[in-house]
Each structure stands twice: as structure tokens, then as C-alpha cells.
Amino acid sequence: MKIKALKGFKDILPGEVELWQILENTARTVFEQYNFHEIRVPVLEETALFQRAIGDTTDIVEKEMYTFVDKKQTLRPEGTASVLRSVIENGLLVQKPVQRLFTIGPMFRHERPQKGRLRQFHQLDIEVLGSKSPLLDTELISLAAMLFSELGIHVSLELNSLGCPKCRPAYREALLAFINERKDKLCSDCQRRSETNPLRVLDCKVPADRELMADAPSIQEWLCEECGDHFNAVQQGLERLGIPFRLNKFMVRGLDYYCRTTFEFITSDLGAQAAVAAGGRYDGLAELLGGPAGTPGIGFAMGMERIILLMQQSEKDFQESVEPLDIYIAGLGDKGQKEASRLAWELRQDGFSVGLDYEGRSLKAQMKLANRENASFVFIIGDEELATGKGVLRNMRDRDAEQMELELKAEAFYFLDDLL
RNA sequence: GUGGAUGUAGCUCACGUUGGUUAGAGCACCUGGUUGUGGCCCAGGAGGCCGUGGGUUCAAUUCCCAUCAUUCACCCCA
């Protein structure tokens with residue numbers, strides 16, 4: 001029986017991993033430009049953390065979590081809860097009342113894999129705790145927009161507000177009344193949703209349901225004064241920065257902790273997986289997890305697999321080629337290989353990247369390897385060279401360049417620095 | 001959990017007429033064409049229990065059943 005990777009778990013192989021590095025490096029650069037600091041948190045947490053943060057009745061907690069058989073420990077299905085736990089546990093808000101954090105890493109959900117969705121997937125996570133300013137909402141959205149623009153991928157922004165515990169209940173009632181008037185015409189899923197989470201009826205994908213719900217009351221009209229002001233300020237902020245967006249009264253959130261601003265960056269190029277990044281405010285969450293009362297928070301997650309798919313489709317050329325090698329040393333014969341091995345050690349200590357192999361291949365075969373590894377220079381050490389103490393240096397980029405002889409020591413290669 | 005599609009070489013895929021003896025291509029790999037010089041070209045080579053198990057048959061990669069895997073979609077979500 002051959003051992004294979006688990007369903008929904010994928011290797012990221014050389015050739016593709018370069019794209020991930022570009023994504024990560026670009027993201028880190030943008031995050032730093034926005035004055036965010038990295039935090040690294042464990043992938044395994046107490047189950048109760050997620051039950052409390054995400055909501056006991058959500059699909060994620062009910063059936064998608066990787067929970068150990070003792071039921072007490074769970075592989076994180078998302079990042080926000082862990083980051084908040086850490087911030088609270090380590091008292092970071094006492095040291096600095098506004099925390100601007102990012103984290104990058106794998107998440108785990110036991111669902112059926114499909115395009116852009118795996119059981120182990122990766123997210124770029126941004127979280128800010130301690131500020132309720134709408135300017136911050138705008139800033140976070142602009143950060144995401146900038147990252148997408150840096151990566152050369154096209155997504156569109158949708159915006160909504162979910163209100164707060166003050167105004168949402170009234171809206172919920174109004175929506176429920178609207179739903180119940182036509183409940184028997186809705187799909188069976190929505191009939192169920194109307195019981196469990198009426199807001200989710202809004203983003204049903206069944207065309208007939210969409211028509212039925214087209215005139216549903218909009219939460220945007222039910223916001224309390226504070227939420228309304230906040231929502232307006234976010235929109236004005238985006239307009240000030242020239243970031244286009246579309247209001248979408250049907251966009252709701254799957255996770256319980258969201259309030260006020262919610263946003264999604266979506267694409268039509270990933271099949272059923274439209275959301276590339278999504279997030280919003282969660283002003284009550286920190287307190288719920290035992291943090292200081294009234295600590296506001298906002299954050300979002302970007303799906304890295306989905307971004308990678310878009311990068312692969314984008315017109316921008318990310319050059320998935322192998323990292324070029326400074327020098328490839330071709331050692332011929334037993335003595336040549338030993339000398340190559342010694343010289344490689346010296347050259348690497350001097351900072352060169354050096355390739356070689358010990359399979360006793362012909363010079364021709366080694367030249368081919370050097371070429372494939374994208375080496376800039378090849379240094380040949382055979383019996384003749386051992387006899388004279390000088391090896392042959394060949395320029396692989398310029399076929400016509402003359403070969404030169406160099407002593408078999410790293411000092412002889414100093415001038416190469418300028419040519420690489 | 002539900003539904004559809006697909007499983008043939010490392011990868012991308014053909015062919016296999018209503019079953020029949022040696023299952024092919026491209027890319028990649030190895031060797032040679034240059035007793036020690038890469039990319040291009042040419043020649044050669046290696047590499048497959050035709051996903052797995054069972055059934056029908058003299059004979060199954062081909063037909064039937066089951067099973068597993070992959071994938072897309074539903075659900076849900078990044």
C-alpha cells in the first residue's frame with residue numbers, strides 16, 4: 001500500500017513554492033509599510049477557544065474541526081481566535097493599547113476539498129485590537145487592496161455593515177417577518193437557515209431564492225445612529241482613498257463574532273470560491289474571550305491558495321524558475337571530486353552559491369546539470385587542472401566569453417562578485 | 001454528508017473498432033554523436049501488475065459489479 005498525502009492536504013513543490021515566497025515576501029513588505037507586527041501562535045489550541053470565538057452552532061465548530069479524541073484540543077480552523085487569546089494571555093494591550101498584528105500560517109478544516117479549498121489551507125491574517133475608529137476599517141481595506149495590486153491580481157470589493165447588538169435584533173425581526181411571508185417558496189436549505197441563522201438566507205445562491213429575497217429589508221437601513229455614522233465614515237474613507245467598492249446588503253458573515261463593517265474581496269475566476277479575502281469588525285470578541293471589557297477589534301483573512309491560483313492565472317510573470325546558482329564545480333575523477341568538494345566549502349564560506357554532484361558523471365553531463373541549475377559559471381577540475389593547480393572557469397551566460405584559468409582557492413574568485 | 005466527471009509511463013494525454021499475442025506520443029530522465037565543455041539538433045535507452053478487488057470468458061486495459069482515489073459542484077467557507 002503506497003502512502004499518500006491525506007485528502008485535502010497538498011504538497012507545495014519546488015517550482016510552485018517560489019510563488020508562495022513571492023506572495024509571502026510581498027505581503028510582509030506591505031504589512032510593514034502599514035506598521036504591522038508579526039505574531040506567531042500555535043496551530044493547536046484548547047477546543048473551547050474556538051467554540052467560544054466562532055460560535056457553537058456554526059458549521060465550522062459543529063462538523064469541520066480537527067479535534068483530538070480527548071475532545072479538548074483542536075487544530076485551529078482560523079487565526080483570529082488564537083491571536084486574540086495570545087494578546088489577552090500576554091497582556092499585550094496593557095503594554096500598547098492598540099495592537100496591530102499579522103500572522104501567516106496553516107489552518108485546518110475537515111470539509112470536502114474542491115477548487116481553492118483544502119483541509120489544510122493557509123491564510124494571511126491581519127488583526128487590530130483596541131481601536132474603533134472607522135478610519136482603521138478603511139485603512140485595513142486599503143492594505144488588502146494594495147497587496148492585491150502589488151501582486152497584479154484583480155479583485156473587487158464588497159462592503160456591508162452588520163450593525164451591532166443594539167440594532168441587529170430589530171433588523172433580524174424585520175427580516176424574519178419578510179422571510180416568513182414567502183418561506184414555503186424558498187429552498188429547503190433556506191427554510192432551515194431561517195430557523196438557525198436568518199441572515200444567511202440573504203446570500204443563498206439559488207436563483208429563485210435570490211429573486212424572492214431581492215426586496216428583502218436591507219440592514220443598512222436599520223442601523224442605529226452610531227453604526228450608521230460608522231458605516232458612512234468607512235465609505236467616505238474609501239472614497240477619499242479612491243478605492244472602489246460596491247455595497248452589498250446580501251453579504252453576511254459565517255462567523256458569529258462579526259459586527260458593523262464587513263467586507264469581502266471577491267473574484268469570478270475561481271469557480272465556486274469567490275472570496276479571496278474577507279473580514280470585518282468584531283468589537284465584542286476580545287471581551288468574550290476574557291479580554292478587557294469593551295476592547296474593539298477588526299481583522300481579515302486572505303486565502304493564500306486562492307491568491308496563488310489567481311497569481312498563476314494573472315498576466316504578470318512571476319518567473320517560477322529555479323534560483324540561479326553562482327558557480328557549478330565540475331569535478332572529474334575521484335581526486336577532482338574531492339578537490340571540488342573542498343573548494344565548494346571555501347566558496348560557500350565566502351558567500352557564493354555553489355552546486356556540484358558526486359555521481360562521477362562525464363563533463364558533458366555535469367555541464368548539462370550546471371545549465372539546468374541555471375549556473376552563471378562552471379569551474380572545471382580534472383586531472384590536468386590538478387596537475388597545474390589551476391582550474392578552468394567558464395562563463396555560462398556568454399557562450400563566446402573566453403575561458404580562464406584560476407587557482408584552486410576561493411581568493412581567486414573574488415572578482416566574480418562584480419559579474420554576478 | 002449529497003451529486004456529476006475522471007483514474008493508462010515521473011508529468012500532460014492518446015489508442016485499445018462488437019474482448020485476441022509486442023499498450024503509444026509529447027515533455028522530463030539516462031547514454032551516445034565531441035577519449036574533457038551546457039542550451040538547439042540527431043540516434044538510442046530506460047520507465048506501465050492500463051487505480052484496486054471480484055465477476056463473465058478459452059482469453060479482460062477493453063464488458064459487468066463493487067471499492068478506493070482524484071476532481072468539480074452542493075453545503076459551508078479564506
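Sequence lines set the chain letters: A, B, ... in the order given, protein chains first and strands last, and positions in each chain run from 1. The figures that follow rest on heavy atoms only: side chains count, while hydrogens, waters and symmetry mates do not. The structure presented is a predicted model; accordingly, all values stated were derived computationally and were not measured.
- For B:A73, the OP1/OP2 oxygens have a side-chain nitrogen or oxygen of A:Gln114 closer than 4.0 Å.
- Between the base of B:G36 and the side chain of A:Glu385 there is a donor-acceptor pair shorter than 3.5 Å.
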Sequence neighbours excluded and cut-off under 3.5 Å, please list the side-chain donor-acceptor pairs for residues 409-420 of chain A, or say none.
none

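- Residue A:Leu118 is in base contact, counting any heavy-atom pair closer than 4.0 Å across all strands shown.
- Consecutive pairing runs in RNA chain B reach the stem threshold at B:1-7 with B:68-74, B:10-13 with B:24-27, B:29-33 with B:41-45, B:51-55 with B:63-67, where a stem means at least three Watson-Crick or G-U wobble pairs with distances under 3.5 Å.
- Taking all atoms of both residues into account, the shortest heavy-atom contact from A:Val252 to A:Leu162 is CA-CD2, 4.2 Å.
- Partners of A:Phe148 under the ring pair (Phe, Tyr, Trp, His ring centres under 6.0 Å) rule, at least two apart in sequence or in another chain, are A:Phe265.
- Sorted by first and then second residue, the salt bridge (Lys or Arg N to Asp or Glu O under 4.0 Å) pairs involving residues 117-127 of chain A (not counting sequence neighbours) are A:Glu111-A:Arg117.
- Comparing the same atom, P, in B:C42 and in B:C65 gives a spacing of 47 Å after rounding to whole Å.
- Residue contacts for A:Lys364: at a heavy-atom cut-off of 4.0 Å it reaches a base atom on one of the strands shown.
- In this model, the phosphate group of B:G3 is not approached by any side-chain N or O of A:Arg112 to a distance below 4.0 Å at OP1 or OP2.
- A:Phe102 is linked by a ring pair (Phe, Tyr, Trp, His ring centres under 6.0 Å) to A:Phe31, counting only residues two or more places apart in sequence or in another chain.
- Using P as the reference atom, B:G10 and B:G48 are 7 Å apart when rounded to the nearest Å.
- For A:Lys7, a side-chain nitrogen or oxygen approaches OP1 or OP2 of B:U70 to under 4.0 Å.
- You won't find any donor-acceptor pair under 3.5 Å spanning the side chain of A:Gln366 and the base of B:U37, going by distance alone.
- Heavy atoms of A:Ile380 sit under 4.0 angstrom from at least one base atom.
- With distances taken from any side-chain atom of A:Asp59 to the nucleotides B:C76, B:A78, B:G36, the minimum falls on B:C76.
- Applying the side chain to side chain contact (heavy atoms under 4.5 Å, CB included) rule to A:Glu405 yields the partners A:Lys390; only residues at least two apart in sequence or on another chain are considered.
- The gap from the C1' atom of B:C15 to that of B:G38 amounts to 37 Å, rounded to the nearest Å.
- Atom CD of A:Gln235 sits about 4.5 Å away from atom CG of A:Leu247, to the nearest 0.5 Å.
- Between the C1' atoms of B:U21 and B:C58, the separation comes to 14 Å (whole Å).
- The base of B:G38 is not paired with the side chain of A:Arg372 by any donor and acceptor separated by under 3.5 Å.
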